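Keep in mind that what you see is a predicted model, and the values were worked out from it rather than measured. Along the sequence shown, residues carry numbers from 1.
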Amino acid sequence: MIAAVLAAILGGVATAWGEDLIGSDSPDPGSSELEAQVRDLGTTNDQLEDELAALRDQNSSLDRELDDLDEQNQELREENERLRSEADDGAAPQEPDGDGDAPEKAAGDPPGAVVLDIRRQTDSPVQVMLHSCLDLDSTSADWGAASVFQDLCYGDAGVEGVRLTVMSSTPSRADCEALTTWQQTISHDAVVEGMHLCVQTNQRRTAYARLAALDRSAETVAFDIVVWEPT
């Protein structure tokens with residue numbers, strides 16, 4: 001009898017304990033939804049932070065590119081100002097002399113300069129082979145290059161011509177026209193790069209020739225040339 005009562009009591013306790021346990025483990029539907037929303041919000045926040053970091057990197061890159069463009073723009077402005085200044089200096093008109101005429105340009109002006117009394121001039125040095133000559137009165141593209149004796153030649157004896165004179169520096173037209181002593185040959189020993197020559201053509205034009213290049217092994221010379229019209 002006592003055993004039966006104890007068994008009943010213990011059974012009741014066990015039943016109550018089990019119900020408490022079952023009740024405590026059962027999920028609360030509302031709590032689970034809130035936890036899921038929190039997790040979603042956390043994920044969204046992480047994504048937003050990643051996107052924000054990427055935007056910050058892009059912004060820094062754009063700032064650097066903008067600085068580079070500003071520097072390039074400034075350099076272009078300075079280059080434009082320099083070119084404009086050079087163009088203004090080159091276009092400055094010549095002041096007339098006492099007779100009202102523009103002053104004469106020196107023979108050593110760069111090839112390509114426009115001067116009214118110049119018949120023609122080289123844009124780049126014209127090459128002369130050994131045993132070849134140039135006709136400085138010619139208007140052909142090759143300066144009348146031929147193997148017959150002309151105004152300016154390169155031969156066995158050296159540089160030759162109708163009338164030649166070596167000058168110590170770049171002469172003007174007036175310097176060349178004032179000469180009274182001429183020669184026909186400049187010997188090979190005296191032929192050097194940078195040599196300045198006054199030349200008189202067989203049609204009595206005055207010319208200036210500068211020996212721009214000398215290649216003894218290839219047996220060639222090259223001249224910068226200015227030829228004036230007679231006055």
A.B. asks: With L48 as reference, evaluate D50, T44, D46 under the side chain to side chain contact (heavy atoms under 4.5 Å, CB included) test and give the passing residue.
C.D. replies: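 So, applying the side chain to side chain contact (heavy atoms under 4.5 Å, CB included) to L48 and each of D50, T44, D46, only T44 qualifies.
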A.B. asks: Which residue in the set V159, L211, T165 passes side chain to side chain contact (heavy atoms under 4.5 Å, CB included) when paired with L197?
C.D. replies: V159
A.B. asks: Find out if a path of hydrophobic residues (ILVMFWY) with successive side-chain heavy-atom gaps under 4.5 Å connects V191 to V199.
C.D. replies: yes
A.B. asks: Grab the two heavy atoms, one from C133 and one from V128, that are nearest each other, plus how far apart they are.
C.D. replies: N-CG1, 4.4 Å
A.B. asks: What residues, two or more places apart in sequence or in another chain, satisfy salt bridge (Lys or Arg N to Asp or Glu O under 4.0 Å) together with D137?
C.D. replies: R205
A.B. asks: So how far is it from M195 CE to F223 CZ, rounded to the nearest 0.5 Å?
C.D. replies: 6.0 Å
A.B. asks: Considering all heavy atoms of both residues, which atom of P171 and which atom of C176 are nearest to each other, and what is their separation?
C.D. replies: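 Nearest heavy atoms, P171 then C176: CG-SG, 3.8 Å.
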A.B. asks: Answer yes or no: is there a side-chain heavy-atom contact under 4.5 Å between E229 and R119?
C.D. replies: yes
A.B. asks: Enter the distance from L179:CG to R163:CZ here, rounded to the nearest 0.5 Å.
C.D. replies: 12.0 Å
A.B. asks: Heavy atoms only: give me the nearest Q183-T185 pair and the separation to one decimal.
C.D. replies: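 Of all heavy-atom pairs spanning Q183 and T185, the closest is NE2-O, 2.8 Å.
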A.B. asks: Determine the minimum heavy-atom distance between E160 and F149, stating which atoms define it.
C.D. replies: CB-CE1, 4.2 Å
A.B. asks: Can you name the closest pair of heavy atoms from D224 and S124 and give their distance?
C.D. replies: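 In terms of heavy atoms, the two residues are closest at OD1-C, 4.0 Å.
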A.B. asks: Answer whether the closest heavy-atom distance between the side chains of T170 and R210 falls below 4.5 Å.
C.D. replies: no
A.B. asks: Assess the residue pair D156 and H188 against the criterion (side-chain hydrogen bond (donor to acceptor under 3.5 Å, both in side chains)); give the C-alpha distance rounded to whole Å, side-chain angles, the decisive distance to 0.1 Å, and a yes or no.
C.D. replies: CA-CA 8 Å; D156 291 328; H188 277 294; 5.9 Å; no
A.B. asks: Taking C-beta and beyond as the side chain, do L134 and I225 meet within less than 4.5 Å on heavy atoms?
C.D. replies: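 Yes, at least one pair of side-chain atoms sits under 4.5 Å.
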A.B. asks: Is there a chain of hydrophobic side chains (I, L, V, M, F, W, Y, each step under 4.5 Å between heavy atoms) that links L164 to V227?
C.D. replies: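 Both belong to a single hydrophobic cluster.
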A.B. asks: Within the side chain of R120, is there an N or O that forms a donor-acceptor pair under 3.5 Å with the backbone of S140?
C.D. replies: yes
A.B. asks: Is a side-chain N or O of D135 found less than 3.5 angstrom from the main chain of D151, in a donor-acceptor match?
C.D. replies: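 Not confirmed, D135 side chain does not pair with D151 backbone.
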A.B. asks: Taking the side chain as C-beta and beyond, is there a heavy-atom pair between D117 and R173 under 4.5 Å?
C.D. replies: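 Yes, side chains in contact.
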A.B. asks: Once you round to the nearest 0.5 Å, how far does CE of M167 lie from OH of Y208?
C.D. replies: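 If I round to the nearest 0.5 Å, the distance is 10.0 Å.
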A.B. asks: Do W143 and T122 have side-chain heavy atoms sitting under 4.5 Å apart?
C.D. replies: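 A side-chain contact under 4.5 Å exists here.
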A.B. asks: Atom SG of C153 and atom CG of L130: how far apart are they, to the nearest 0.5 Å?
C.D. replies: 11.0 Å
A.B. asks: Does the side chain of V162 reach to within under 4.5 Å of the side chain of Q200, using non-hydrogen atoms?
C.D. replies: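 A side-chain contact is absent here, since even the closest heavy-atom pair is not under 4.5 Å.
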A.B. asks: Starting at CG of D215, measure out to CE of M129 and round the result to the nearest 0.5 Å.
C.D. replies: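 Rounded to the nearest 0.5 Å, the CG-CE separation comes out at 9.5 Å.
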A.B. asks: Under 3.5 Å, is there a donor-acceptor pair linking the side chains of S187 and D189?
C.D. replies: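 Absent: no donor and acceptor within the cut-off.
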